[in-house]
J.: 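Take this structure, written in structure tokens, and hold onto it; I'll ask about it next.
Within every chain, numbering begins at 1; the chains are lettered A, B, ... in the order of the sequence lines, protein sequences first and strands thereafter.
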Amino acid sequence: MITALLALTAPLVFAAPPTKSGPESPAKSVAIRADVVWLGDGRVLEKGVVLFSEGRIAEIGTNVSVPAGVETIEHKGFLTAGLIALHGYTGGQAGEMRDDARPAMPNAKIGLVFDASSPDVADARAVGITSLLLTPNAEGVAPGLTAVVKTSSRRLLKDEAHLSLVFNAGGLVSNREPTSLSGAVAMLDQLFAKPTGAVERAHGGSLPCLFEVGEPADVLRAIDFAKRHDLRGVIHGAVLAGEVADQIKASKLSVIVPAIGVGERRRNLKSVVALAKKEIPFGFGLDSPVNNPADLRLGAVMCVREGVDAKVAWNALTSEAARIAGVADRVGTIDRGMDADVVLWSGDPLDLGSRVIAVYVDGARVDGDKR
Amino acid sequence: MKSLIFGLTAAVSLSSGVASMPRDDKPESKSWIIWADRVYTGTGMNFDAGMVGVGGGKIAIVAASRGSDDESSDRILRCYAVTAGLVDASVRITNGASSVEQSNEIQPNLRVANTLDPFAIEWDRQLRNGVTSVLVNPPDLNVIGGLSVALKTAGADTIAERTLKNDAVLRGSMGSEPSRGNHPAFGRPTDFFSRRPTTRMGVEWAWRKAFYDAAAAANDSTRAFPGSERLVQALKGDLTISIQAWATQDIRTAVFLKEEIESQAEFKNGLNKPRMFIDAAAEAWKEPQLLVRAKIPVVLPPFPAAGRTRDNSFMAWNVAEELRKEGIPFALSSHGSAAPENALAMQAGYAMQGGLPFENALAAVTSMPARLMGVADRVGTLEVGKDADLVLWNGQPFEPSSRVIAVIVDGVLRYDARDKAVAK
Amino acid sequence: MLTLVGCLAPALLSPAEPASVSPHSAIESHTDGAQAGTAKKDPFETIFIRAEHVITKPGTVLDDAAVLVRNGRIVAVGTGLSKPDGATELSGKYVCAGFIDAWSALGVASEALVDQAASPATRTADGVDVFNFDHLRRDALRSGVTSARIQVGATGRVGGLGAIVRLAPGQSEDDVVLSPDCNLWMTIGLTQGSQPLFDNQGELIGIGGRAMDPFERVESVDRLVSTLQAGKNYLIAKNEYKHELEAWQKTITEKETELEKDAKKAKKDREKAEKDATEKNKKFEEKKYKEDKKPTAPRIDEDNEVVARAANGELPLIVHANRVAEIRALLQGTESLGRLRLVIAGGAEATFFSKQLAERRIPVLVWPAPLGRNRPDEYEASDLSLAARLKADGVQVLIGSGGIDPAATRDLPLLAGLAIGAGLDRAAAFEALTIGAARVLDASDRIGTVEAGKDADLLVLDGEPLVSTTRVLNVVAGGRVVALKED
């Protein structure tokens, strides 16, 4: 018998809670002229100038009038939006990312665990990552709410980005309910039968869900659940998701591709090609600090070499990832009014040989070559 | 060619040799025509040098002639014998322990269909052995494990599209298996396996309690509990119950349970009409009169090589023939085993070794399990209008030297021995 | 019985017919340059490659040039070459030498890789696996890696003799091994065993092992040095024996000549002495000449033979070491072995010793892979910028794919790209993957550059090598065009 569940509101509490206010130090206004500016979604500006003001992008163009007293940095190279890494617990602590006692904690906010001063955050920044989607470990049935953070200051961009729901056998344990996939689905059905809190918001469509899966069969199970309860959101965890691309396309869910590393099987890379061919929106998972943040760009390059269009791969690192994280109105592209999160590269960012020269978050320089 | 008719039903269309099949242009689902030296329909009528025609996913024609299609047509498949696709009423192509919810011993609500993987390689194996429809049961780690599902072994990518019948059977087990892993609470309980039942008596008690509680819930809605509606359906006979019982004492217990439901006062008002079959009834031969009296069909597990099989039960080659002589309806099964010697077609061969006639063996792996699963209107025999699930053999079916050379499911050629891979 | 649809086997071209050759064909019979006695092997094609830029060796680029390949060798490189009739023609933007993975696991069986019982005399070349992992070999070729150094016993304290194999598919074992003994291998201070774990398809699924404690680590350096010393002593003993034997033989020959010269006189003396003895009734004693004892040969020890070669500088010794303590002890311990050609593999903390490494001309074989939280202990300080920092300090840098995961060889150009992105200059990375590796492994007479006389291991690219967006258009491995098309 599945016992009635209490909707748990006690969040995971840890260290210094991030603030929602602006960046730590007020950003100076800065203008950068770069040889090539990638605005995002395929738009390119040659010899473009981008002007920051108060942490936002104020002006873009080839003939921008830079106000007096504002420094213009000449950059021989590329200027792009900062990279967005999806899935992981950078800045969290391994033990804090899951709760062993209860399988369903739909209102637990993982964002509260984020510590921006962690060295993992600095490592992510150093490779050009400016935003991260933090996710609770895929255990139990509803481990909590994901959050979007920036790799600087203690800035929580979105403290409630997705409701995480687990559909893979890896989330089950043998000595706690549920022990079976059917029990997990039954528990989730029960949660959604009398929705409250975050579950209610998901049910109403205002909160997207993160469906944690493993095998293609799990993907189908998640799609079926989403259909039954009219949910929207994104699927993460199936390296072979591309083999059920037709069903994913019909479901209108997006995909977070699990982190890719050196020696990745061709079959997994071909799966990403299949997703791209069907024009399914996807972003790249990173799972740092278990994985090195350098794997983010490496994985994108490996997908391009396998056959994914370079533009699609770049969008997956930036604008599409922002859409999946629900923050596309703030980051992911270079447009007037967007947050000034940009990276200066020595060359084409999809060539691994290009270096990160400088990283700006909210208009303030946070990392990069000292040369 | 003069067509020979042996009292066919009206549904079979016959003319002087002209077979007009609806043309299907999709490459994978042609309107196949099977020319077999032997057509075993499973209805008692067999033909020499006959044909079976397929159209729209159903059997369109069964005839004792070859029809007039051009011999070189690529829609024609030739074989020695053709039978209906085999049906296995006890299969376990699941995700192991994650396919049964063990937090509670009584789980009548949970569907094993939610836990299945349509991409598992075991489906392929079943298909190559000629099995086209199966009843997938949850692993028997609970007293009542949940709702089994009847589905085809090949077809679309989703379980839902392959399903023949959802919630076909309520599945549970007698004997010692459900209590394995439970431990009494010495000191403090460490996890929820510290619970009853810990013996086969306790298992029987759990069954009875579940049904008694369900009957009470049917009469008083405040006593309803999750799954009680399913148990009530089972009591009313709307949901068939499948109980796994290897040893004779467990078979006896199941029989007594059914008879108790049929006779006790608590189960009046229509709650006393359970329909039941016993799965893995290896020792059904020991007390057959009980099964005859209670009118309970059985499913036999694979014939063991040396007699002893699970739960300390004993089963010999002639058990099937004995049951037939007693008049007990039975089906054969592979009971979820992946070993080649336990394949369903082999079971029919072993049963024939033990004396069972061919027609009965064929029925035991086709029409009888279909009936037990409640899908006999769709599969189980070669009759016009039924699903086009066919198996082509290169020899007499069930002889060890014969092989399955092609399998058609819902009119699509899903396995072709000429290809290295399964034809998709 | 189902009727079988007959299928015709593709007709084999007989050597007598002129073959129509397509640019991307694999091994095909050809009248031109047919070798004698090619019962098993197909004759080589003549290949003519045109490119906008031919990188002959690091730093030397010929514009609008061509390369002519015949009988498996590069016969000509330059501008103004013309295509011979019947040659296969390839063209692209860049042509360069095929990449060499100096630290690979592709082609050696996984059991051999983790063999803890390997000894210096164990030859990787004897256990080369030409059948398994064909798909990984093709993937590596598609990325431009044409040869790889593989190592038996790579995770043990002492490995065997490494070998360089060509990654071209479908070749026999004779063709595949480029060098049967290119190096000796030892490890110090690693997570004990550093056992790679493989699934039953041979794919790498993880690395296990027990971390060594500091005493064990230091002890392992001592053992390494003493092994080398033993080898050196064995060599010295062998040489001494040789000299002693020579001296002994010389003495014997001299004496024999001497005796021969005075033979007559000696005979007369003997007769006289005999006569004297019989006259005086004394017993006649023969003058005996005793031979000096022949010097005993030192016992032949296969392992020491190999170690001696390394100690003598005939073979490079590659030592897998990462931490400061081990590298310091290693450098100190090997200081007296003046002829030793040392290479350090891994070297995560080697920048502490850059000066010494540069002075002693010890190259470092770097594995520039992004490592995460679960990296083995000894790689704690590992950083993608290691190669750049070493190079800046004047140390020669080589790049390899780590020698554990056979699938990683395919990603060697990407690993080089990561090193470049972390600061290594492109030319140094390119050299590391081509002539740099070839030179260190004593294979530079055969591979590593695009020069006449060398084996034809070449890449035809649509852009600069080692830029991630560049695609490999064609690969010539061992003088044959490799079919890159996927089935």
J.: Is the side chain of C:Ser382 donor-acceptor paired with the backbone N or O of C:Ala348 at a distance under 3.5 Å, no angle test?
T.: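 No, the answer is negative, given that no donor and acceptor are paired below the 3.5 Å cut-off.
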J.: Do C:Cys96 and C:Leu461 make a side-chain contact, defined as non-hydrogen atoms from C-beta onward lying under 4.5 Å apart?
T.: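 With C-beta onward as the side chain, the pair touches.
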J.: Just so I understand: if I count every heavy-atom pair under 4.5 Å between each of A:Pro293, A:Ala294, A:Pro289, A:Ser354 and chain C, which residue has the most?
T.: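 Heavy-atom pair counts peak at A:Pro289.
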J.: Looking at C:Ala419, C:Gly417, C:Ser401, which has the largest count of heavy-atom pairs under 4.5 Å with chain A?
T.: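 Of the candidates given, the most pairs with chain A belong to C:Gly417.
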J.: What verdict does the side chain to side chain contact (heavy atoms under 4.5 Å, CB included) test give for C:Leu433 and C:Leu466, after you've listed the backbone C-alpha separation in whole Å, the side-chain angles of each residue and the deciding distance to 0.1 Å?
T.: CA-CA 10 Å; C:Leu433 291 189; C:Leu466 297 186; 3.6 Å; yes
J.: Can you check whether anything in residues 35-43 of chain A gets within less than 4.5 Å of chain C, heavy-atom wise, and list it by number?
T.: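 At a heavy-atom separation under 4.5 Å, chain C is reached by no residue of residues 35-43 of chain A.
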J.: Please check if the side chain of C:Thr470 supplies one atom and the backbone of C:Glu464 the other of a donor-acceptor pair under 3.5 Å.
T.: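 At least one qualifying donor-acceptor pair exists.
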J.: Go through the atoms of A:Asp120 and report whether side chain, backbone, both or neither lie under 4.5 Å from a heavy atom of chain C.
T.: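 Answer is side chain: those atoms of A:Asp120 sit under 4.5 Å from chain C.
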J.: For C:Leu415, which atoms come within 4.5 Å of any heavy atom of chain A: side chain, backbone, both, or neither?
T.: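 Just the side chain, heavy atoms under 4.5 Å.
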J.: Please classify the contact of A:Arg266 with chain C as side chain, backbone, both or neither, using a heavy-atom distance under 4.5 Å.
T.: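 Answer is both: backbone and side chain atoms of A:Arg266 are under 4.5 Å from chain C.
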J.: Look at C:Asp134 together with C:Arg138 and state whether they make a salt bridge at an N to O cut-off of under 4.0 Å.
T.: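 Yes, charged N to carboxylate O under 4.0 Å.
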J.: So which part of A:Asp123 gets closer than 4.5 Å to some heavy atom of chain C, the side chain, the backbone, both or neither?
T.: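 Neither the backbone nor the side chain of A:Asp123 comes within 4.5 Å of chain C.
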J.: Does any part of the side chain of A:Thr130, heavy atoms only, come nearer than 4.5 Å to the side chain of A:Leu83, both counted from C-beta?
T.: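 SC-SC contact between A:Leu83 and A:Thr130 ruled out.
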J.: Would you check, one step at a time, whether the test ring pair (Phe, Tyr, Trp, His ring centres under 6.0 Å) holds for C:His320 with C:Trp103?
T.: CA-CA 11 Å; C:His320 189 180; C:Trp103 195 1; 4.9 Å; yes
J.: Please round to the nearest 0.5 Å and tell me the distance separating atom CZ of A:Arg305 and atom CZ of C:Arg142.
T.: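 Interatomic distance, A:Arg305 CZ to C:Arg142 CZ, rounded to 0.5 Å: 12.0 Å.
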J.: Could you grab the distance from atom OG of A:Ser346 to atom CZ of A:Phe78, nearest 0.5 Å is fine?
T.: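 These two atoms lie 9.5 Å from each other.
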J.: Where on A:Val304 is there a heavy atom nearer than 4.5 Å to chain C: the side chain, the backbone, both, or neither?
T.: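 For A:Val304, there is no contact with chain C at all, as no heavy atom is under 4.5 Å.
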J.: Determine the option with the most heavy-atom pairs under 4.5 angstrom with chain A, choosing from C:Leu424, C:Thr469, C:Leu371.
T.: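 Heavy-atom pair counts peak at C:Leu371.
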J.: If I measure from the heavy atoms of chain A, does C:Arg375 come under 4.5 Å with its side chain, its backbone, both, or neither?
T.: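 Side chain only.
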J.: Is there a side-chain contact between A:Val262 and C:Leu414, using heavy atoms and a 4.5 Å cut-off?
T.: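 The answer is no, as the side chains (C-beta and beyond) never meet within the 4.5 Å cut-off.
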